[in-house]
Amino acid sequence: MIKKRLLNSFVLLFLCFAIFACGPSRSVRIQDKFEPLYRPNLDYNVTAEKQEPSGYTIGIIQAKFIEKNVQGWRFISSQEKQYLDEFKRGISYGLEKILLAKGNKVSGPFASYEEMTYPERDRSSYLIQPTVILDLTFQRPIFNRLYDVGGPNLEAYVYSSGTSVITGKAEMEYVILEPLTRDKLERHKLKTKEISISFEELTQAILDKEGNINQWYPLDEFAGMYPDLKNVYSNNYAPLNASGKILEELLQSFLSEANKLISVEEFKYLEKYKRQLKEKKRY
């Protein structure tokens with residue numbers, strides 16, 4: 001009886017050891033690590049009630065966008081460039097909404113001053129042109145091996161991840177121009193607070209015949225090299241989402257401040273400078 005109990009205890013101990021030794025099963029797919037697509041809100045809504053007509057017509061010139069730190073984070077992919085175009089349009093259309101809500105008429109937005117015709121300049125009381133100077137830095141992490149991740153041909157691929165951080169700040173301004181001479185009547189400069197966006201960056205590697213790591217590749221680059229695996233590896237939106245979130249925060253920050261500054265009272269105040277220009281016969 002005692003021997004039987006000892007034997008049962010030994011069998012139970014062996015089973016427990018076997019279970020813990022095996023560890024967790026590699027049942028997590030690489031797709032489960034992907035971040036879903038985030039669509040940035042690159043549209044600004046004015047909540048204030050529309051004011052009485054001001055009698056002014058304001059022409060809008062499309063925003064200038066300047067990337068200051070060429071060694072930092074760049075908007076390279078076609079989707080990022082699309083977001084950048086949406087950002088520029090969002091700035092212009094956001095200004096249009098602000099001006100209309102304050103009782104002004106709006107002309108434009110125009111791609112540039114040079115593309116405006118003389119009648120378009122002549123019927124504008126003022127022109128407004130915004131500028132955004134963006135300075136982004138990028139911190140790439142130390143990658144750690146993901147041991148619990150599987151995928152197609154598990155024996156051939158290994159995966160790693162790390163948290164990347166994009167930190168950005170922007171100098172933003174808009175200038176009020178005299179339409180016919182392009183003289184600057186007023187300039188409002190704004191600075192944003194530092195914005196930090198973190199995201200999980202994923203990489204993968206091919207194993208050689210001996211089971212050693214051959215070379216690491218970003219997932220999107222690897223997908224381009226092996227198109228047949230594209231449906232498996234090209235769905236990681238984390239870097240794209242970070243770009244979109246940076247632009248979204250900048251747009252909302254800039255237009256919120258511009259909404260506080262733009263006023264019919266300032267347009268009235270600037271009338272005297274326009275009269276001085278006329279007196280100097282600069283038309």
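We're numbering straight along the sequence, starting at 1.
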> Are any non-hydrogen side-chain atoms of Leu240 and Phe75 less than 4.5 angstrom apart?
Replying inline: no
> Got a donor-acceptor contact below 3.5 angstrom from the Gln252 side chain to the Asp43 backbone?
Replying inline: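 Yes; judged by distance alone, with no hydrogens or angles, the pair exists.
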> Does the side chain of Thr167 pick up a donor-acceptor pair with the side chain of Ser196 at under 3.5 Å?
Replying inline: yes
>> Restricting to side-chain contact (heavy atoms from CB on, under 4.5 Å), what partner residues turn up for Phe138, sequence neighbours left out?
In response: Trp73, Arg140, Ser164, Ile166, Phe199, Glu201
> Quick one: side-chain contact (heavy atoms from CB on, under 4.5 Å) partners of Ala111, sequence neighbours excluded?
Replying inline: Gln62, Glu115
> Does a sphere of radius 6.0 Å around OH in Tyr113 hold more than 12 heavy atoms from other residues, nucleotides or ligands, not counting ones at 6.0 Å or beyond?
Replying inline: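 More than 12 heavy atoms, drawn from other residues, nucleotides or ligands, come within 6.0 Å of this atom.
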> Tell me, which pairs form a ring-ring contact (aromatic ring centres under 6.0 Å, His included) where one or both residues lie in residues 164-187, sequence neighbours left out?
Replying inline: Tyr174-His188
> With Thr192, which residues qualify under side-chain contact (heavy atoms from CB on, under 4.5 Å), at least two apart?
Replying inline: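 Here the qualifying residues are Lys169, Ala170, Met172, Leu250, Ser253.
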>> Side chains of Ser160 and Asn144: any donor to acceptor distance under 3.5 Å?
In response: no
> Which heavy-atom pair separates Ala258 from Leu95 by the least distance, and what is that distance?
Replying inline: CB-CD2, 4.2 Å
> Is there side-chain contact between Thr181 and Glu178, with heavy atoms separated by less than 4.5 Å?
Replying inline: yes
>> Applying ring-ring contact (aromatic ring centres under 6.0 Å, His included), can you list everything that pairs with Phe254, at least two apart in sequence or on another chain?
In response: none
>> Checking the side chain of Thr57 only, and the main-chain atoms of Lys105 only, is there a donor and an acceptor separated by less than 3.5 Å?
In response: no
>> Lys193: which residues meet the side-chain hydrogen bond (donor to acceptor under 3.5 Å, both in side chains) condition with it, sequence neighbours left out?
In response: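 Checked Lys193 against side-chain hydrogen bond (donor to acceptor under 3.5 Å, both in side chains); zero matches.
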> What is the minimum heavy-atom distance between Ile91 and Pro130, and which atoms define it?
Replying inline: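 In terms of heavy atoms, the two residues are closest at CG2-CG, 3.7 Å.
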> Does Glu257 pair with Lys260 as a salt bridge, N-O distance under 4.0 Å?
Replying inline: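 A salt bridge links Glu257 with Lys260.
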> Quick one: side-chain hydrogen bond (donor to acceptor under 3.5 Å, both in side chains) partners of Glu248, sequence neighbours excluded?
Replying inline: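 Glu248 satisfies side-chain hydrogen bond (donor to acceptor under 3.5 Å, both in side chains) with Tyr38 once adjacent residues are dropped.
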>> What I'd like to find out is whether the side chain of Leu185 reaches to under 4.5 Å of the side chain of Leu177, using heavy atoms alone.
In response: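 The answer is no, as the side chains (C-beta and beyond) never meet within the 4.5 Å cut-off.
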>> Looking at every heavy atom in both Ser92 and Ala63, which two are closest together, and how far apart are they?
In response: OG-N, 3.7 Å
> Taking Asn241 for the side chain and Pro36 for the main chain, is one N or O donor matched with an acceptor at less than 3.5 Å?
Replying inline: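 Checked: pair present.
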> Would you say Ile176 and Leu127 make side-chain contact, with heavy atoms under 4.5 Å?
Replying inline: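 They are not in contact (no side-chain heavy atoms under 4.5 Å apart), so the answer is no.
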>> Run the side-chain hydrogen bond (donor to acceptor under 3.5 Å, both in side chains) test against Gln79 and tell me which residues pass, sequence neighbours left out.
In response: none
>> According to ring-ring contact (aromatic ring centres under 6.0 Å, His included), does anything in residues 76-112 pair up with another residue at least two apart or in another chain? List the pairs.
In response: Phe65-Phe87
> Mind checking whether Asn104 and Gln51 have side chains closer than 4.5 Å, heavy atoms only?
Replying inline: no
> Where the side chain of Ser54 meets the backbone of Tyr56, is there a donor-acceptor pair that is under 3.5 Å apart?
Replying inline: yes
> Do the non-hydrogen side-chain atoms of Glu186 and Leu270 ever get within less than 4.5 Å of each other?
Replying inline: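 They are in contact (side-chain heavy atoms under 4.5 Å apart), so the answer is yes.
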>> Quick test of your reading: applying salt bridge (charged side-chain N to carboxylate O under 4.0 Å, His left out), list the pairs with at least one residue in residues 79-90, sequence neighbours left out, ordered by first then second residue.
In response: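 Those involving residues 79-90 are Arg39-Glu86.
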>> So, using side-chain hydrogen bond (donor to acceptor under 3.5 Å, both in side chains) as the criterion, who are the partners of Arg182 when residues are at least two apart?
In response: Glu114
> With a 4.5 Å limit on heavy-atom distance, are the side chains of Asp183 and Tyr273 in contact?
Replying inline: no
>> Test of understanding: with side-chain contact (heavy atoms from CB on, under 4.5 Å), list the residues that count as partners of Thr117, not counting sequence neighbours.
In response: Pro119, Glu120
>> Given Glu200, which partner from the list Ser161, Pro239, Pro141 fulfils the side chain to side chain contact (heavy atoms under 4.5 Å, CB included) test?
In response: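 Testing each of Ser161, Pro239, Pro141 against Glu200, the sole residue satisfying side chain to side chain contact (heavy atoms under 4.5 Å, CB included) is Ser161.
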> Using 4.0 Å as the upper bound for N to carboxylate O, is an ion pair formed by Lys189 and Glu171?
Replying inline: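 So Glu171 does not pair with Lys189 through a salt bridge.
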>> Pair Ile128, Ile61 - check side-chain contact (heavy atoms from CB on, under 4.5 Å), show working.
In response: CA-CA 6 Å; Ile128 286 184; Ile61 301 175; over 6 Å; no
> Where is the tightest heavy-atom contact between Leu255 and Gly94, given as atom of each residue plus distance?
Replying inline: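 That would be CD1-CA, 3.8 Å.
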>> Using only atom types and a distance under 3.5 Å, with no angle test, would you say the side chain of Tyr126 pairs donor to acceptor with the backbone of Phe267?
In response: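 Between the backbone of Phe267 and the side chain of Tyr126 there is a qualifying donor-acceptor contact (under 3.5 Å).
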